[in-house]
Amino acid sequence: MTQILAAGAVAVLAAVCGALIRRGSGETALLFTLAAAVGVFLFVLSDVSSIVETAVGFAEEAHIVGSLSAMMKALGIVLAGQIALGVCKDAGETALASGMEFAVKTGVLLVSLPLLEELLSIVREVLAL
Amino acid sequence: MDVDLIFRIAAIGIIVAVLNQLLVRSGREEQALMTTLAGLIVVLMMIISQISTLFNTIKAVFGL
């Protein structure tokens with residue numbers, strides 16, 4: 001719980017400092033908020049690895065390791081893309097943001113293609129019966 | 001939680017902003033632009049290492 005409060009406090013503080021810096025020079029404010037976002041992400045990512053380990057443990061029991069790794073890859077792609085998307089929107093570049101959004105969606109789709117094939121093969125088997 | 005990096009960038013930003021205003025008011029717009037550019041590059045270099053750490057962590061955690 002304290003980590004969430006710490007992350008929230010840093011985020012609010014960075015937003016206020018960013019607004020202050022934006023009066024001076026907009027570019028530095030953009031970089032400043034990006035640094036704060038990267039800091040918060042790194043801070044939270046340190047806890048995520050334990051979540052991933054328990055998820056992998058459950059997946060091994062349920063024999064769905066392949067699909068879990070695809071889901072994890074998709075989650076990683078979305079996280080990485082989200083930061084770039086946020087920076088583009090902060091800078092007011094909506095065209096760049098939509099391009100980035102399109103890239104994230106294609107990345108996730110590419111990662112989940114094997115899952116779709118698996119699903120189709122199962123459906124074919126059921127229909128063939 | 002390396003908060004000191006964030007505050008260091010805030011300090012650079014504020015100093016660059018003040019210097020920029022100082023130079024603009026004293027009639028030296030070019031130097032003001034150069035100062036802002038230098039501050040920007042310094043902040044960018046500091047952030048790039050943070051971003052590469054972040055993306056490597058994401059790659060490691062999610063097995064990308």
Side-chain angles (χ1 to χ4, degrees), chain A residues 2-3 6-7 9-11 13-14 16-53 55-56 65 68-84 87 107 111, chain B:
Chain A
T2 53
Q3 278 145 349
V10 168
L13 196 69
V16 171
C17 283
L20 174 70
I21 296 174
R22 186 161 289 120
R23 281 168 47 87
S25 73
E27 308 81 16
T28 320
L30 186 67
L31 286 177
F32 172 73
T33 39
L34 171 61
V38 166
V40 171
F41 260 92
L42 276 173
F43 177 60
V44 178
L45 261 182
S46 54
D47 306 331
V48 169
S49 42
S50 58
I51 296 170
V52 168
E53 271 139 31
V56 167
V65 183
L68 183 84
S69 75
M71 277 188 277
M72 284 301 162
K73 285 197 175 80
L75 191 55
I77 289 172
V78 168
L79 271 184
Q82 216 167 1
I83 297 167
V87 172
V111 164
Chain B
M1 185 80 196
D2 50 356
V3 191
D4 60 342
L5 173 79
I6 294 176
F7 291 135
R8 217 178 298 150
I9 293 176
I12 293 177
I14 290 169
I15 290 166
V16 163
V18 168
L19 280 179
N20 191 23
Q21 287 301 325
L22 199 74
L23 288 168
V24 166
R25 290 289 179 269
S26 59
R28 291 183 178 72
E29 277 77 11
E30 298 77 19
Q31 274 93 354
L33 180 65
M34 290 306 139
T35 320
T36 311
L37 208 58
L40 201 64
I41 290 168
V42 165
V43 170
L44 204 58
M45 296 311 287
M46 292 162 71
I47 287 183
I48 279 176
S49 58
Q50 283 294 321
I51 290 176
S52 69
T53 327
L54 175 71
F55 283 152
N56 290 332
T57 320
I58 287 180
K59 212 185 283 183
V61 167
F62 295 104
L64 279 170

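Treat the numbers as computed from the prediction; the structure is a model and nothing was measured. Below, chains carry the letters A, B, ... as their sequence lines are ordered, and counting in each starts from 1.
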*Flag the one option from B:L54, B:T57, B:I9, B:I51 with the top tally of heavy-atom pairs under 4.5 Å to chain A.*
B:L54

_Most chain A-contacting option - heavy-atom pairs closer than 4.5 Å, from B:I47, B:I14, B:V18, B:I12_ = B:I47

*B:V3 and A:F43: CA distance, side-chain angles, deciding distance, side chain to side chain contact (heavy atoms under 4.5 Å, CB included) verdict*: CA-CA 10 Å; B:V3 191; A:F43 177 60; over 6 Å; no

*If you tally heavy-atom pairs under 4.5 Å against chain B, which of A:T28, A:L42, A:L20, A:V48 wins?*
A:L42

*Side chain, backbone, both or neither of B:L40 within contact of chain A (heavy atoms, under 4.5 Å)*: both

Just distance, no hydrogens or angles: give the donor-acceptor pairs under 3.5 Å from side chains in residues 69-83 of chain A, sequence neighbours left out.
unit_1 : atom_1 : unit_2 : atom_2 : d
A:S69  : OG     : A:G66  : O      : 2.8

*List the steps, then state whether side chain to side chain contact (heavy atoms under 4.5 Å, CB included) holds for A:F32 with B:V43.*
CA-CA 8 Å; A:F32 172 73; B:V43 170; over 6 Å; no

*asked:* For the interface with chain A, which of B:T53, B:T36, B:L44, B:N20 has the highest count of heavy-atom pairs at distances below 4.5 Å?
replied: B:L44

*Atom of B:G13, atom of A:I21 and distance for their closest heavy-atom approach*: CA-CG2, 4.1 Å

